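Computed from a predicted model, the values in this text were never measured in an experiment. If you read the sequence from its start, that first residue is 1, and numbering goes on from there.
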Amino acid sequence: MADLDILYASGLFELTVDASATTFLTGDILATDGAGAWVLADADVAARQDGQWICLNSVAAGQGTSTHVMKVARRVIARDTDASAYTAGALLFLSATPGRTTATAPTIAIATARRVYGKAITANEVILNVDVPHYYPSYSSGANAAVSDNGFFIAPRPM
């Protein structure tokens with residue numbers, strides 16, 4: 001997934017980020033690091049990071065001052081500049097690549113909730129939403145409980 005082109009954004013705000021050593025790309029998901037600093041949300045960190053904002057502009061690491069005021073949003077519709085980067089209809093989860101999303105569900109313990117951050121509309125357009133938590137819990141039953149990983153979606157409100 002490359003830098004995204006934002007087609008629509010809502011829930012707009014501005015945050016101050018430290019870009020002295022981190023590059024932020026349009027479409028990256030931001031979380032707090034526990035100390036109040038905004039970082040790229042990462043599925044690989046030990047402490048759970050819930051994405052709270054989506055970057056609306058890119059900031060390269062080490063460009064001028066270390067702090068930048070970044071425009072962010074809670075919900076976006078975006079187009080990936082890579083051709084056919086997604087599978088239409090696929091759910092998007094937080095990736096092991098900081099800030100990014102992936103259609104590959106995280107491999108975590110059975111019955112642990114997984115956060116869904118969006119859905120692919122087409123092969124190169126996505127909807128990202130950090131405003132309302134959407135969870136994709138896994139469950140298992142029967143003889144294959146150790147290998148079963150069937151998922152279902154729980155709507156947070158009437159759909």
Side-chain angles (χ1 to χ4, degrees), residues 1-108 112-137 153-157 159:
M1 180 167 70
D3 215 7
L4 298 177
D5 292 328
I6 304 297
L7 305 176
Y8 169 82
S10 65
L12 304 175
F13 196 68
E14 289 184 344
L15 300 174
T16 301
V17 298
D18 181 357
S20 57
T22 303
T23 294
F24 296 88
L25 297 176
T26 303
D28 278 348
I29 296 178
L30 299 177
T32 57
D33 65 357
W38 293 103
V39 297
L40 297 172
D42 188 350
D44 279 349
V45 296
R48 179 174 156 175
Q49 289 185 330
D50 281 333
Q52 298 175 31
W53 296 103
I54 302 163
C55 299
L56 295 181
N57 58 291
S58 296
V59 176
Q63 297 293 317
T65 63
S66 62
T67 58
H68 292 274
V69 175
M70 177 178 288
K71 294 179 190 268
V72 293
R74 304 289 274 176
R75 295 163 301 283
V76 302
I77 296 175
R79 180 178 297 124
D80 198 315
T81 55
D82 291 340
S84 302
Y86 304 97
T87 300
L91 295 177
L92 300 175
F93 301 91
L94 192 59
S95 172
T97 302
R100 304 278 78 186
T101 58
T102 180
T104 304
T107 54
I108 56 178
T112 303
R114 307 172 204 191
R115 180 82 184 267
V116 175
Y117 285 96
K119 185 174 185 177
I121 304 168
T122 66
N124 65 348
E125 290 183 356
V126 295
I127 295 174
L128 298 175
N129 183 354
V130 297
D131 195 28
V132 178
H134 300 86
Y135 293 97
Y136 186 80
F153 176 78
I154 299 174
R157 62 186 178 280
M159 303 303 257

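Atoms SG and CG, on C55 and L30 in that order, are 3.5 Å from each other to the nearest 0.5 Å. Between atom CG of residue N57 and atom CZ of residue F24 there is a gap of 10.5 Å, rounded to the nearest 0.5 Å.
For the side-chain hydrogen bond (donor to acceptor under 3.5 Å, both in side chains) test, residues two or more places apart in sequence or in another chain that qualify with S58 are D3, T26. Listed by chain and residue number, nothing satisfies the side-chain hydrogen bond (donor to acceptor under 3.5 Å, both in side chains) test with Q52 (two or more places apart in sequence, or in another chain). The side chain to side chain contact (heavy atoms under 4.5 Å, CB included) search around A41 returns I29, A31, Q49, L94, not counting sequence neighbours. Under the side chain to side chain contact (heavy atoms under 4.5 Å, CB included) criterion, A120 pairs with Y86, V126, not counting sequence neighbours. Contacts of T97 classified as side-chain hydrogen bond (donor to acceptor under 3.5 Å, both in side chains), with partners at least two apart in sequence or in another chain: none. Qualifying side-chain hydrogen bond (donor to acceptor under 3.5 Å, both in side chains) partners for D33, counting only residues two or more places apart in sequence or in other chains: none. Here A90 pairs with T87, A103 under the side chain to side chain contact (heavy atoms under 4.5 Å, CB included) rule; sequence neighbours left out. Residues satisfying the side chain to side chain contact (heavy atoms under 4.5 Å, CB included) test with L12, not counting sequence neighbours, are A9, L56, A73.
With contacts defined as side-chain heavy-atom distances shorter than 4.5 Å, the pair L128/L4 qualifies. Contact of the L92 side chain with the T102 side chain is not registered, since no non-hydrogen atoms from C-beta on lie closer than 4.5 Å. Side chains of I54 and R75 form no contact here, defined as non-hydrogen atoms less than 4.5 Å apart. At least one side-chain heavy atom of Y117 sits under 4.5 Å from a side-chain heavy atom of D50. By the 4.5 Å heavy-atom criterion applied to side chains, V39 and P98 are not counted as neighbours. The shortest side-chain heavy-atom distance between M70 and V59 falls under the 4.5 Å cut-off.
Shortest non-hydrogen contact noted between A19 and H68 is CB-CD2, 3.6 Å. Across every non-hydrogen atom of T23 and D28, the tightest pair is O-OD2, 4.2 Å. W38 and V17 make their closest contact through CB-CG1, 4.0 Å (heavy atoms, listed as atom of the first residue, atom of the second, distance).
Relative orientation of the W53 and F13 rings is parallel, given thresholds of 30° and 60° on the angle between their planes.
Checked for salt-bridge contact, R79 and D5 miss the test: no charged N lies under 4.0 Å from a carboxylate O.
Every pair passing salt bridge (charged side-chain N to carboxylate O under 4.0 Å, His left out) that includes a residue from residues 14-27 is listed here, sequence neighbours excluded: E14-K71.
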Apply side-chain contact (heavy atoms from CB on, under 4.5 Å) to the pair V116 and F93, showing each step before the final yes or no. CA-CA 5 Å; V116 175; F93 301 91; 3.8 Å; yes
